[in-house]
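Here is the structure we will look at.
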Amino acid sequence: MSDMMTTQAGDAGAFRKFDLNRVPTPCFVVDEKAVGRNLSILSDIGTRSGAHVLSALKAFSMFSLAPLVRQHLGGTCASGIYEARLGREEYGGEVATFCAGYKDTDIDEILSLSNHIIFNSPAQKDRFLAKAQAASVHVGLRINPEHSEGEIPKYDPCAPCSRLGTPVSQLTADTLTGVDGLHMHTLCEQGFEPLQRTWAAVEPKLKPYLGQLKWLNFGGGHHITRDDYDREGLVAFIQAIRKTYGVDVYLEPGEAIALDAGILVGEILDLPANGMNLAITDISATCHMPDVIEAPYRPALMDEADTGHTYRLGGPSCLAGDVIGDYTWDKPLEIGQRFAFLDQAHYSMVKTNTFNGVPLPTIALWNSETDALRIIRQFGYEDFKERLS
């Protein structure tokens with residue numbers, strides 16, 4: 001496998017005591033206690049800093065946990081019409097919607113679902129401003145601070161020629177006509193320091209306009225629930241901005257809500273060899289963990305051994321590149337053996353697909369405190385067929 005592939009960190013936590021044979025495979029198993037712990041941390045940040053903390057549905061849309069999310073956070077942020085509807089129907093609270101481009105046919109419904117609508121460009125803002133104001137929806141403009149902190153270029157909204165956000169150098173009083181707030185989403189799985197550096201770079205350029213704004217939205221990508229995140233620094237940062245400029249502050253964590261809160265359980269189907277030991281599994285990188293190929297990254301395997309028997313794991317699809325990575329066990333694998341990848345509750349679950357007719361993973365909810373297990377959804381042939389009619 002490529003040396004350029006990032007190896008994912010992962011904490012097995014309570015999942016080490018979970019019997020992988022309790023669920024069908026493939027299966028996402030989400031620990032509601034772990035999600036609750038993450039939400040408590042985010043709620044505390046909101047309480048102490050005064051920030052509005054919204055759940056980013058693009059990362060974690062498991063709406064069976066919406067009542068739990070609703071107990072801790074103020075609402076959701078959406079990336080289009082369907083997420084906005086899900087946020088309004090299942091989560092309640094505030095709904096802030098951003099899309100890189102809105103359609104005429106969707107805008108009225110989006111406005112009916114949203115409290116904030118955030119435009120990607122002044123042209124889109126001008127096109128729909130009158131409708132947004134008539135609907136009493138707050139109008140935002142996404143900006144590109146032109147300060148890059150991204151570690152992976154394809155996930156960096158501030159990369160050269162990025163299509164996301166209006167470059168801050170292009171802001172004028174005219175472009176901000178009718179704008180209630182500014183939005184910037186510039187981070188990806190990062191700590192507080194990159195946010196601090198981004199604000200230091202962009203604040204002087206925004207100062208002429210901050211007095212006319214009602215809010216600032218710092219988007220997502222903040223790994224606030226990670227143990228080494230500087231949460232005290234974040235609280236002080238938000239408090240200072242609110243005090244200095246008299247604006248509300250919004251955060252939109254997604255991954256942080258489900259960080260280390262879910263696993264993807266699979267089964268070994270076959271053990272061929274071709275220059276090395278291979279293992280065919282019912283987990284597909286292209287269908288069940290597409291970021292493995294897209295990023296690329298190497299998902300962490302629960303209880304992987306340092307030395308022993310190494311296999312190249314791949315999925316059941318016909319795609320030659322449906323390869324997850326090379327993994328080591330202390331004993332030889334056996335047909336039917338279960339295994340689990342860590343930290344799979346966010347993004348993997350929302351990005352699954354049925355290429356090749358590969359079945360979608362079951363979704364299960366587990367309580368690590370009571371050991372209660374509930375199958376939330378099992379998918380079948382109709383889920384594959386109905387997308388293609």
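A quick note: this is a predicted structure, and the numbers were derived from the prediction, not measured.
Under the 6.0 Å cut-off for aromatic ring centres, Tyr229 and His223 do not qualify, their centroids lying 6.0 Å or more apart. Ring centroids of Trp215 and His52 are separated by 6.0 Å or more, keeping the two rings apart.
Ion pairing between a basic and an acidic side chain is recognised when a charged N comes within 4.0 Å of a carboxylate O; Lys33 and Asp31 show no such pairing. By the 4.0 Å N-to-carboxylate-O rule, Lys205 lies too far from Glu146 to be salt-bridged with it. Under the 4.0 Å criterion applied to side-chain N and carboxylate O atoms, Glu109 and Lys103 are not assigned as salt-bridge partners.
For residues 366-387, the ring pair (Phe, Tyr, Trp, His ring centres under 6.0 Å) pairs, not counting sequence neighbours, are Phe15-Trp366, Phe18-Trp366.
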Using residues 275-282 as the side-chain source, report each donor-acceptor pair under 3.5 Å to any protein atom, sequence neighbours left out, with the distance given to one decimal.
| from | atom 1 | to | atom 2 | distance (Å) |
| --- | --- | --- | --- | --- |
| Thr281 | OG1 | Ile283 | N | 3.0 |
| Thr281 | OG1 | Ile283 | O | 2.8 |
| Thr281 | OG1 | Gly314 | O | 3.4 |
| Asp282 | OD1 | Glu267 | N | 2.8 |
| Asp282 | OD2 | Thr25 | OG1 | 2.6 |

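By the ring pair (Phe, Tyr, Trp, His ring centres under 6.0 Å) test, Phe119 is found to be paired with Tyr102, residues two or more places apart in sequence or in another chain being considered.
Ring orientation note: the planes of Tyr311 and Trp329 are nearly perpendicular, at an angle over 60° on the 30°/60° scale. Using cut-offs of 30° and 60° on the angle between ring planes, the pair Phe341 and Phe339 is perpendicular.
A donor and an acceptor atom, one from each side chain of Ser148 and Asp156, are located under 3.5 Å apart. For Glu189 and Tyr155, the side-chain atoms include no donor-acceptor pair closer than 3.5 Å. Side chains of Gln170 and Thr166: no donor on one and acceptor on the other come within 3.5 Å.
Arg377 forms no cation-pi arrangement with Phe28, by the criterion of a distance under 6.0 Å to the ring centre and an angle within 45° of the ring axis.
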